[in-house]
Amino acid sequence: MEQEIKYDRPNTVSGLTAKHKELTQLRDWHKAEIKRLNAGIDQIAAVITLFDPSAETEAAKEFAEKRKPARRTGIKRFLLAKLREASEPMTSRQLAELWARECDMGDDRQTINKVRSSITYAIKDSIKQGLVECAGQTTDHGAYGPYKLWKISNPE
């Protein structure tokens with residue numbers, strides 16, 4: 001047996017219910033519209049990058065800002081795993097290229113540099129915890145070197 005709910009002002013409740021439904025539909029429409037606009041902005045940013053790879057668009061800045069805090073833990077875990085697996089010390093650039101490849105972020109210089117800053121942050125944090133140590137510098141570096149070499153610390 002269902003209990004019937006009685007309201008003091010039934011028109012008020014039905015009016016609020018209707019308004020709630022209307023606002024929910026409006027919110028869903030705006031979410032879909034924002035998604036469509038973001039797709040258009042991303043496409044235009046990609047075309048700009050085709051013509052001028054050094055141009056930095058707002059979409060690229062937003063991409064980097066959104067991903068940086070959320071990925072730090074993942075980057076640190078990735079960093080430590082790769083250094084454990086490695087047969088020799090690795091540079092932050094090598095680690096950044098591996099991370100960018102794993103996350104399908106692209107391999108252009110601008111992306112690698114942004115990823116490298118996150119890798120460097122994870123390395124510094126790992127040094128503070130005594131997990132990673134410097135193992136010298138590269139000798140056969142290119143125009144962007146020399147790089148420090150990193151390895152897992154030996155517990156004593």
Side-chain angles (χ1 to χ4, degrees), residues 15-154:
L16 290 172
T17 304
K19 188 64 173 178
H20 182 271
K21 183 178 178 182
E22 177 188 339
L23 291 175
T24 302
Q25 289 173 342
L26 186 61
R27 181 191 61 195
D28 293 343
W29 180 84
H30 281 291
K31 280 183 181 179
E33 190 67 13
I34 288 170
K35 192 173 183 179
R36 188 185 67 74
L37 289 171
N38 282 336
I41 290 168
D42 291 344
Q43 289 171 351
I44 291 171
V47 172
I48 290 170
T49 305
L50 282 173
F51 288 104
D52 184 8
S54 64
E56 188 162 323
T57 61
E58 287 297 316
K61 290 178 190 173
E62 287 175 16
F63 176 81
E65 288 170 8
K66 279 189 220 171
R67 307 287 185 294
K68 198 171 187 177
R71 300 251 187 190
R72 275 205 182 123
T73 305
I75 286 179
K76 188 171 178 183
R77 198 175 307 127
F78 170 83
L79 161 80
L80 295 172
K82 289 301 173 187
L83 289 177
R84 280 187 197 104
E85 294 169 4
S87 59
E88 56 187 30
M90 297 179 74
T91 66
S92 59
R93 184 165 190 88
Q94 290 170 325
L95 291 162
E97 288 169 353
L98 289 171
W99 176 255
R101 196 174 312 129
E102 188 170 294
C103 295
D104 293 327
M105 297 173 86
D107 60 352
D108 59 289
R109 197 178 86 199
Q110 187 177 8
T111 301
I112 297 299
N113 287 342
K114 287 179 180 178
V115 171
R116 190 167 163 229
S117 68
S118 295
I119 291 284
T120 301
Y121 180 86
I123 288 171
K124 287 179 181 179
D125 194 39
S126 298
I127 290 170
K128 287 178 189 174
Q129 294 177 342
L131 302 171
V132 172
E133 63 184 24
C134 184
Q137 288 187 340
T138 57
T139 55
D140 58 341
H141 49 270
Y144 305 112
Y147 293 106
K148 287 185 178 180
L149 293 165
W150 303 103
K151 68 176 187 172
I152 293 290
S153 296
N154 294 327

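In this chain, numbering begins with 1 at the start of the sequence shown.
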Can you tell if the side chain of [X] reaches within under 4.5 Å of the side chain of [Y], non-hydrogen atoms only?
X      : Y      : value
Leu131 : Ser153 : no
Ser126 : Leu79  : yes
Glu133 : Ile127 : no

Can you give the donor-acceptor pairs under 3.5 Å from side chains of residues 17-31 to other protein atoms, not counting sequence neighbours?
unit_1: Thr17; atom_1: OG1; unit_2: Val13; atom_2: O; d: 2.7
unit_1: Thr24; atom_1: OG1; unit_2: His20; atom_2: O; d: 2.8

Taking all non-hydrogen atoms of both residues into account, name the closest pair between [X] and [Y] and its distance.
X      : Y      : value
Lys76  : Asp125 : NZ-OD2, 2.9 Å
Asn113 : Arg93  : OD1-NH1, 3.6 Å
Leu95  : Lys82  : CD2-CB, 3.8 Å
Ala100 : Ile112 : CB-CD1, 3.8 Å
Ser118 : Ile75  : CB-CD1, 3.4 Å
Met90  : Leu98  : CE-CD1, 3.5 Å

First locate atom [atom1] of [X], then atom [atom2] of [Y], and finally report the distance between them rounded to the nearest 0.5 Å.
X      : Y      : atom1 : atom2 : value
Trp99  : Thr111 : CH2   : OG1   : 14.5 Å
Ser87  : Lys151 : OG    : NZ    : 13.0 Å
Gln129 : Leu80  : CD    : CG    : 8.5 Å
Cys134 : Trp150 : SG    : CH2   : 4.5 Å
Lys148 : Ile123 : NZ    : CD1   : 10.0 Å

Query raised in the report: Donor-acceptor pair, Gln94 side chain versus Thr91 backbone, under 3.5 Å?
Result: yes

